[in-house]
Amino acid sequence: MKFSIASAFMAAMMAAKAVTAAPLEARAPKVPYLSGFNLGANKPNGDCKSTQDWTDEFNKIKSWNPEFTTVKLFSTADCWALANAVPAAKATGFKIWVGVWAIDKVKFGNEKAALEQAIKDHGTDWLVGINVGSESLYRKEIHPGILAEQIWDVKGMVQIAYGASQIPVGSADTWTSWVDGANVDVVKACDVIIMNAFPYWQGAQIDGAQAVFQTAIDNTKAVIGDKQLIIGETGWPTGGPDFGAAHPSVENLQKYYKSTGCSLRASKTPHFWFSGFADECVVDESNRQSEIEKNFGIATSDRNLKIDISC
């Protein structure tokens, strides 16, 4: 998709002007404490999850700890994610943080339409938040002005057209993207900032991983002003190659969870661990899939925990 910086900027500004008559920019909805897991919409064999599959996963997660009653999905439309997951969430008392893919224009339109349909069918009691885009800035797949426009677009639909002013809308990206001054228009458009940070991908040795993660939080908070920070993704793989000094293993996942996971829970920081179950197909906008991502599950593909998650 080709566009100029000027046209992207003007589009974002026009979208902003269209919604600032409502209390969107001045008032950002506060997200209460929540903790849960990122989940893909595919089963390990690639098939789409049914409503029963979602129900079984939600009940399994709840059995680990009653505190876990929220999940974050990467898509609204892929594999009929919301159409199948929302009824399961309502039946089990779960809440969903929704991901809306930003790339490309057609995909974004389909994702927005699927979100709108879910709201029409089920209201918004099941919905706790929305991120438009998932590491699109990190991959430099979208101009910040276009992404800001899309965020305003979704905010207008959810918070104004459907009156759900309590639902925050932001974007999910790496901490390195949030501290990049080129993305300031996206920060301004967001109600909340959803930060992904993986010390593994920074080549951190496990005993120093918590400090690396905290530095990512501190650096992000320094540039987002009074925006609330949500941890969108963090975790540690149990298999795959070393990355610098970072070594994948069950032992190291256990160490990382006991330090970082338990710290997030103790501080009541809203967060989503990456990910719930191993071997689920988590695909991005271009249908790419990383083999290493399959090893980040906190549980195996048959839904048994790999580690002790008590704190």
Side-chain angles (χ1 to χ4, degrees), residues 8-9 12-13 15-17 19-20 22-36 38 70 72 74 97-100 102 128-156 158-159 165-199 201-202 210-235 260 263-274:
F9 178 78
M13 292 303 99
K17 289 178 181 178
V19 297
T20 49
L24 292 180
E25 190 168 21
R27 177 224 37 84
K30 179 72 173 178
V31 177
Y33 173 65
L34 51 83
S35 62
N38 287 272
T70 311
K72 176 172 165 283
F74 293 95
W97 188 288
V98 169
V100 174
V128 293
I130 302 164
N131 59 267
V132 180
S134 179
E135 299 190 356
S136 298
L137 296 173
Y138 167 73
R139 292 190 293 265
K140 299 188 184 303
E141 294 173 331
I142 192 169
H143 187 278
I146 296 296
L147 182 56
E149 178 188 1
Q150 292 176 327
I151 294 167
W152 284 115
D153 189 0
V154 172
K155 286 171 70 173
V158 175
Q159 297 177 352
S165 61
Q166 78 282 4
I167 303 298
V169 182
S171 189
D173 225 298
T174 63
W175 72 270
T176 55
S177 297
W178 292 124
V179 302
D180 185 345
N183 298 324
V184 65
D185 286 340
V186 179
V187 174
K188 290 178 180 178
C190 291
D191 293 324
V192 294
I193 301 299
I194 302 99
M195 184 198 81
N196 300 346
F198 291 87
W201 290 118
Q202 293 181 252
Q210 167 62 18
V212 171
F213 181 74
Q214 186 60 49
T215 297
I217 290 178
D218 294 342
N219 289 342
T220 302
K221 285 184 174 180
V223 300
I224 64 174
D226 60 357
K227 307 275 185 178
Q228 185 180 8
L229 183 67
I230 312 294
I231 305 303
E233 297 179 25
T234 194
T260 300
S263 175
L264 291 170
R265 289 168 64 181
S267 64
K268 300 298 182 184
T269 301
H271 66 279
F272 297 95
W273 198 261
F274 185 86

Practice item. Evaluate the side chain to side chain contact (heavy atoms under 4.5 Å, CB included) criterion for residues Q150 and V100: first the C-alpha distance (whole Å), next the side-chain angles of each, then the deciding distance (0.1 Å), finally the verdict. Key: CA-CA 10 Å; Q150 292 176 327; V100 174; over 6 Å; no
Review point. Do T234 and H271 pass the side chain to side chain contact (heavy atoms under 4.5 Å, CB included) test, and can you show the C-alpha distance, the side-chain angles, and the key distance before you say yes or no?
Key: CA-CA 9 Å; T234 194; H271 66 279; over 6 Å; no
**Study point:** Working for side chain to side chain contact (heavy atoms under 4.5 Å, CB included), residues V187 and V223
**Key:** CA-CA 9 Å; V187 174; V223 300; over 6 Å; no
Practice item. Decide side chain to side chain contact (heavy atoms under 4.5 Å, CB included) for T174 and F198; before the verdict, give the C-alpha distance in whole Å, the side-chain angles of both, and the deciding distance to 0.1 Å. Key: CA-CA 9 Å; T174 63; F198 291 87; over 6 Å; no
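The structure places OG of S171 at 8.5 Å from CD1 of I142, a figure rounded to the nearest 0.5 Å. Note that CG of N196 is 9.0 Å distant from OG of S177, once rounded to the nearest 0.5 Å. Note: I130 CD1 to I151 CD1 = 11.0 Å, rounded to the nearest 0.5 Å. We find the CD-OG distance between E141 and S134 to be 9.5 Å, quoted to the nearest 0.5 Å. The distance from atom CE of M195 to atom OG1 of T176, rounded to the nearest 0.5 Å, is 10.0 Å. Rounded to the nearest 0.5 Å, atoms CH2 (W175) and CD (Q202) are 5.5 Å apart.
In this structure, the side chain of D185 does not engage the main chain of A148 through any donor-acceptor pair within 3.5 Å. N38 contributes a side-chain N or O that, together with a main-chain N or O of G232, makes up a donor-acceptor pair within less than 3.5 Å. Side-chain atoms of K155 do not come within 3.5 Å of backbone N or O of G170 as any donor-acceptor pair. Under the 3.5 Å distance criterion, the side-chain polar atoms of E233 are left unmatched by any main-chain donor or acceptor of F272.
Within the cation-pi definition used here (under 6.0 Å to the ring centroid, within 45° of the axis), K140 does not qualify as a partner of Y138.
Exactly one of N183, V184, D180 qualifies for a side-chain contact (heavy atoms from CB on, under 4.5 Å) with P144. That residue is N183.
Every residue two or more places apart in sequence or in another chain that forms a side chain to side chain contact (heavy atoms under 4.5 Å, CB included) with T215 is listed here: N219.
The two atoms that bring Q210 and S263 nearest to each other are NE2-OG, 3.9 Å, heavy atoms only. Summarising the geometry of A102 relative to G133, their closest heavy-atom pair is CB-CA, 3.8 Å, with the distance given to 0.1 Å. Heavy atoms only, all atoms of each residue included: V31 and P168 are closest at CG2-CG, 3.5 Å. Across all non-hydrogen atoms, the minimal contact from I231 to L264 is CG1-CD2, 4.0 Å.
When side chains are defined from C-beta on, W97 counts as touching I194, because their heavy atoms get closer than 4.5 Å.
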